[in-house]
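To keep things clear, I will list the structure first and then write my remarks on it.
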Amino acid sequence: MDLNDQDWQDEQRRVDSVTRKIAVRKEALEADVGVVRGDVVELRKDFWDEVRVNFSSSDDLGETSTSLRQQSQVLSERERAHLQASETLKKLRLLVKSPYFGRIDFKEEGQTGTEKIYLGIASFLDDDQETFLVYDWRAPVSSLYYDWAPGPASYETPSGEISGRMELKRQFVIRDGRIKVMFDTGVTIGDELLQQVLSHSSDNQMKSIVATIQKEQNAVIRNDKSRMLIVQGAAGSGKTSAALQRVAYLLYKYRESLKSDQVILFSPNPMFNSYVSTVLPELGEENMLQTTFQAYLEHRLGRDFDLEDVFSQMETILKAEEGPWLKVKRASIAYKSSTAFLDTMQRYKDRLEQSGMKFKPVRFKGRLIVSEQAMQEKFYGFDPGIRLANRVELLKDWLLKELAQFAKQERKEPWVDEQIQLLDPDEYQKAYTRVRRKQGAKSETFDDFDRERSLLAKMVVNEWLKPVRKWIKRMRFVDVKAMYQELFLNRDLFISVSADGKLPEEYEEIGRQTVGEMNEGRLPYEDVTPYLYLQDLLKGFQTNNVIRHVFIDEVQDYSPFQLEYVKRIFPRARMTALGDLNQGIYAHTDALEGSLESLKKLYGEESTEVISLTRSYRSTLEIVEFTRSMMPGGESIIPFNRHGEKPRLHLAGGREELHRAIVGHIQNLNSQGYEHTAIICKTAEECEQVYEALKERLPLKKIAKTTPSFVTGTLVIPSYLAKGVEFDAVVIYDASADSYSRESERKLFYTACTRAMHQLRMFSLGEPCRFIQDADPDKYVVET
């Protein structure tokens, strides 16, 4: 619908009026925040001046306690007021620049008047504190904007469905109080606004998408009924963006009971955490907790082993030659990632309840305190009806008592007298203070040699036994390593606990590889979660009952075993799993073929909802048509109607020619104003070589798995680290048949190509890989 000058003038006048009111409210609140901040500072500084401290009698003690409590309450109240005012001020500062992005005119059924509803990132009330000048995009009525075209429409409220008619839908782009773009639209979100947003350059941080949320994305955002929400989305479909808006929606809807630190996002790598870190603050919300699954594993097992991460595993497999070792490694990864191994572990735990527990003997200075045999006899002497983890807890208590008994006897040993002689004056003073506390003595010296020796001996022995006591309390006496290895050393044991009564393929060699790595102090990636699961079965799971929502991005990169483990450690949480089966690039993801079914089993079909996002917004139509043609089932991916040039394939005759062509292309991209370009190499090793070869000719930045934040410029990045992010232009360094030779690398190549927003250029040293050749030849241009 065309808009005339009068429409523009009327809307601009309203923008001027609303921004003036926001600015006035903002200035007043800034003054209030300054006053409250000053109060808090003064209260903290003068806290003890206002408290009457007196411990002379019980009455004085009670008065002191009351005074402390009152002063603490005053301080807490002012700190809460400051926090609330600061949060409101943060939203006003965002609104004053761009108060809203949409308008809908809605006539409710049975009502005579039509309500004009303006939508922004936060609500704003007029001075009467009753009239909404701006509605929060998460309010129930706002769903009309995302889900309906003009005509009959309805929305859900806590009290039921409201039906009526939408008479107008209008979209705005407002910058610094001026309307830059405005149009009426008959669809959910007009192509005009999306075209404008998507045609911009990429950024080093993800942005909010509240102005361009699509209907299917809105279904993801507002779903709050399912225990498990699975979002299967094509590359560039906005699944991660929708998930972050979903966090903001949940924090808004359940603001009385849900806080940001009760939501956790598992990201694919640390760089991705940085990439998405600004989205929630843009919406006026605090960031949720963010981590990686690897960081959690390191936290739990990093002191015991050198843990392999998924990137190192990927690097090893990509560089390995086909042969016996790689065959065994793949078999090991496939089995240890499966729910079959999870079942085996559970059955192994049941077996250990009857027999087979292994313990490390308790020793001190090379002397045996409690033998492994004594521990086994005690352990299996407990009531067999007690859970295994609880029996370990009982064994721990018994060992501490045995240690205490040993400590009493040890005080008489000659080495204790030697240590007493070596005590420094501070330690003597410490012992003397304890005597005074016990005896109420007024003397300034020990008055009894035997008592002095007894006290000092107790202090010395307790200090020397402290590491042993700590070792027992941490249940280090449970020999998890030996029991895990036993599974791969004892064929009969494995068969007896295997769910199907069979050994996995390559069992003998898998066992040799596994035991050999562990004896060297290393734990392969495929073993880390199973090992930790066994440890928790034995010692008790470290569950987190505070977290209410778990978000897993790139869920296709998680094995069924890992997903079951995540569910176990967050027992009270709902889960949102985001992924794309076409981007399952890691070795263990073969175990997730048909993973939608695996994911549905986590919480059961009745508690699970699957939403598919098939439209790709990131890349131009030409790039999407090329990339989808190389994947089975790719025809289901729908490109957004934004045009650009076709992907290009450059065939190079040698390495120097390849480098010259890449340098020329990057310089051309820079001249066109592209700020984010990625040279995507297959491995980190290849990235190192390319960086060294080109760094004198181009300004480059090398990205590694430890890179903490996403940066602008021309990046050299391994294929598996590029997941989840996007670039203005992508250069595939070597797309040759020699480089990408295995069918298992198809998804890796597809993932690398789908990072491109505007331009995709592939370079090949000789014959291109089969994935390019499988694509429709009309969908790309060959250069020589």
Side-chain angles (χ1 to χ4, degrees), residues 266-272 292-298 300-302 304-338 341 484 488 504-506 509-518 520-533 552 554-563 565-566 579 583-593 595 681-688 703-707 717-724 740 742-749 751-752:
F266 282 95
S267 302
N269 54 60
M271 184 177 70
F272 187 84
T292 63
F293 190 56
Q294 183 68 25
Y296 176 79
L297 297 174
E298 290 283 354
R300 294 295 309 279
L301 292 175
D304 300 331
F305 294 99
D306 178 11
L307 303 185
E308 182 184 42
D309 59 45
V310 70
F311 308 120
S312 299
Q313 183 195 71
M314 185 74 171
E315 190 80 9
T316 299
I317 288 174
L318 288 176
K319 292 190 294 186
E321 304 236 343
E322 292 293 340
W325 180 89
L326 187 56
K327 181 183 178 185
V328 172
K329 184 69 171 175
R330 283 176 175 154
S332 178
I333 291 170
Y335 181 72
K336 291 171 183 174
S337 303
S338 67
F341 193 38
Y484 188 79
F488 299 99
E505 289 184 32
E506 309 289 344
E509 285 302 319
I510 288 174
R512 268 192 278 276
Q513 283 189 8
T514 303
V515 173
E517 288 282 331
M518 292 179 71
E520 292 290 329
R522 298 185 296 271
L523 200 58
Y525 184 71
E526 64 270 21
D527 287 290
V528 180
T529 306
Y531 184 94
L532 184 56
Y533 184 73
I552 298 181
E554 307 291 356
V555 72
Q556 75 280 354
D557 295 343
Y558 288 71
S559 72
F561 202 129
Q562 290 170 336
L563 291 169
Y565 185 76
V566 172
Q583 296 183 65
I585 64 174
Y586 297 117
H588 60 263
T589 53
D590 289 342
L592 257 181
E593 288 304 333
S595 63
C681 304
K682 184 179 176 183
T683 64
E685 184 178 69
E686 188 175 64
C687 281
E688 187 67 40
I703 302 297
K705 65 183 180 182
T706 54
T707 301
I717 185 169
S719 53
Y720 48 81
L721 281 182
K723 289 166 62 69
Y740 293 88
R742 303 166 183 158
E743 179 58 32
S744 60
E745 294 165 350
R746 181 180 292 273
K747 291 179 180 179
L748 183 68
F749 188 77
T751 300

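All of these numbers come straight from a predicted model, not from anything done at the bench.
Leu318 CG to Leu748 CG: the interatomic distance, rounded to the nearest 0.5 Å, is 6.0 Å. Annotation: the span from Ile703 atom CD1 to Leu721 atom CG amounts to 8.5 Å, rounded to 0.5 Å. For the atom pair Trp325 CH2 and Glu321 CD, the distance stands at 12.0 Å (nearest 0.5 Å). Atoms CZ and CG, on Arg300 and Leu307 in that order, are 11.5 Å from each other to the nearest 0.5 Å. Of the inter-residue distances, the one linking Thr683 atom OG1 with Ile317 atom CD1 reads 13.5 Å to the nearest 0.5 angstrom. Taking CD from Glu517 and OG from Ser332, the interatomic distance works out to 10.0 Å, rounded to the nearest 0.5 Å.
Ion pairing between a basic and an acidic side chain is recognised when a charged N comes within 4.0 Å of a carboxylate O; Lys329 and Glu526 show such pairing. Taking 4.0 Å as the cut-off between side-chain N and carboxylate O, Glu745 and Lys682 count as a salt-bridged pair. In this structure, Glu322 pairs ionically with Arg742, as a charged nitrogen and a carboxylate oxygen lie closer than 4.0 Å. With salt bridges taken as basic N to acidic carboxylate O contacts below 4.0 Å, none links Arg522 and Glu308.
Judged by the 6.0 Å and 45° rule, Lys747 forms no cation-pi pair with Tyr740.
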* **Intermediate values then yes/no, side-chain contact (heavy atoms from CB on, under 4.5 Å), Leu297 and Thr529** => CA-CA 8 Å; Leu297 297 174; Thr529 306; 4.1 Å; yes
* Asked: What's the verdict on side-chain contact (heavy atoms from CB on, under 4.5 Å) for Met518 and Tyr531, showing C-alpha distance, side-chain angles and the deciding distance?
  -> CA-CA 11 Å; Met518 292 179 71; Tyr531 184 94; 3.7 Å; yes
* To do: I would like to know whether Phe293 and Val566 meet side-chain contact (heavy atoms from CB on, under 4.5 Å); could you show each step before the answer?
  => CA-CA 9 Å; Phe293 190 56; Val566 172; 3.8 Å; yes
* For the pair Glu688 and Glu686, evaluate side-chain contact (heavy atoms from CB on, under 4.5 Å) and give the outcome as yes or no after the intermediate values. => CA-CA 5 Å; Glu688 187 67 40; Glu686 188 175 64; over 6 Å; no
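Annotation: side chain of Phe305 is not in contact with side chain of Val528 (no heavy-atom distance under 4.5 Å). The shortest side-chain heavy-atom distance between Phe561 and Tyr335 does not fall under the 4.5 Å cut-off. By the 4.5 Å heavy-atom criterion applied to side chains, Cys681 and Cys687 are counted as neighbours.
Closest approach of Gln562 to Tyr558, counting heavy atoms only: OE1-CA, 3.3 Å. Contact detail for Pro270 and Thr292: the closest heavy-atom pair is N-CG2, 3.9 Å. Across Ser337 and Pro560, no two heavy atoms sit closer than the pair O-CD, 3.1 Å.
Side-chain contact of Gln313 with Glu315: a donor-acceptor pair under 3.5 Å is absent, judged by distance alone. For the residue pair Lys336 / Ser559, no side-chain donor-acceptor distance below 3.5 Å is found, with atom types taken as modelled.
With sequence neighbours left out, Ser312 forms a side-chain hydrogen bond (donor to acceptor under 3.5 Å, both in side chains) with Asp309, Lys705.
At distances below 3.5 Å, at least one donor-acceptor pair connects side-chain atoms of Thr707 with backbone N or O atoms of Ala704.
Using cut-offs of 30° and 60° for the angle between ring planes, the Tyr484 and Phe341 rings count as perpendicular.
For NZ of Lys319, the number of neighbouring non-hydrogen atoms (other residues, nucleotides, ligands) closer than 6.0 Å is greater than 12.
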